[in-house]
Amino acid sequence: MKLAASLLSAAILITSHANAATPEQCRFIEARAEREACYQRQEIERVARQKANEARQAEQQKPYEPMTADDAQLAKSLRSICRGC
């Protein structure tokens, strides 16, 4: 019973993901108002994806461990130990 439920939920997730990944084909819609509404929906989805990608990239660019004032002072003192070696 648990196996059947897990297989069913996996199948639902796979099909819903496949449906979400398929872009809507607006150019085949005959009615102009519906076609323009379709294009607007696609534009909203594109902007949302772009913002999510920008946020993800900004998050990845942050250093894992930011340099503290003590680290900066230590680096400065280490640079001054051997001048011209």
Side-chain angles (χ1 to χ4, degrees):
M1 185 68 166
K2 290 181 183 179
L3 178 65
S6 64
L7 290 176
L8 180 63
S9 63
I12 290 171
L13 287 175
I14 291 171
T15 57
S16 66
H17 180 61
N19 289 339
T22 306
E24 192 174 359
Q25 297 293 324
C26 298
R27 63 182 172 192
F28 298 117
I29 298 174
E30 294 294 326
R32 180 180 177 153
E34 291 178 21
R35 186 173 57 244
E36 289 179 358
C38 177
Y39 285 135
Q40 287 177 353
R41 284 191 303 270
Q42 284 185 345
E43 181 65 21
I44 291 170
E45 291 171 2
R46 186 192 63 79
V47 169
R49 280 193 315 269
Q50 185 177 9
K51 285 182 182 180
N53 286 339
E54 289 173 357
R56 191 177 327 117
Q57 287 177 354
E59 185 177 303
Q60 289 176 352
Q61 292 176 355
K62 292 180 182 176
Y64 177 70
E65 191 173 310
M67 187 174 227
T68 62
D70 295 336
D71 291 338
Q73 186 179 6
L74 178 64
K76 186 178 179 182
S77 67
L78 288 176
R79 273 186 262 143
S80 65
I81 288 176
C82 181
R83 293 184 186 178
C85 292

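All heavy atoms count here, side chains included; hydrogens, waters and symmetry mates do not. We number each residue from 1, following the sequence as shown.
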Please check if atom CD in Gln73 has more than 12 non-hydrogen atoms from other residues, nucleotides or ligands closer than 6.0 Å. no

Is a salt bridge present between Glu43 and Arg46, judged by a nitrogen-to-oxygen distance below 4.0 Å?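 Answer for the salt bridge query: yes.
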
List the residues meeting side-chain hydrogen bond (donor to acceptor under 3.5 Å, both in side chains) with Asp70, not counting sequence neighbours, and say none if there are none. none

According to side chain to side chain contact (heavy atoms under 4.5 Å, CB included), who are the partners of Gln40, at least two apart in sequence or on a separate chain?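 Residues passing side chain to side chain contact (heavy atoms under 4.5 Å, CB included) with Gln40: none at all.
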
Smallest separation among heavy atoms of Arg35 and Cys26, with atom names: CG-O, 3.3 Å

Inter-residue atom distance Cys38.SG - Arg27.CZ, 0.5 Å rounding: 11.0 Å

Quick one: CZ on Arg49 to CZ on Arg56, what's the gap to the nearest 0.5 Å? 11.5 Å

Could you walk me through whether Arg32 and Glu36 pass salt bridge (charged side-chain N to carboxylate O under 4.0 Å, His left out), step by step? CA-CA 6 Å; Arg32 180 180 177 153; Glu36 289 179 358; 2.9 Å; yes

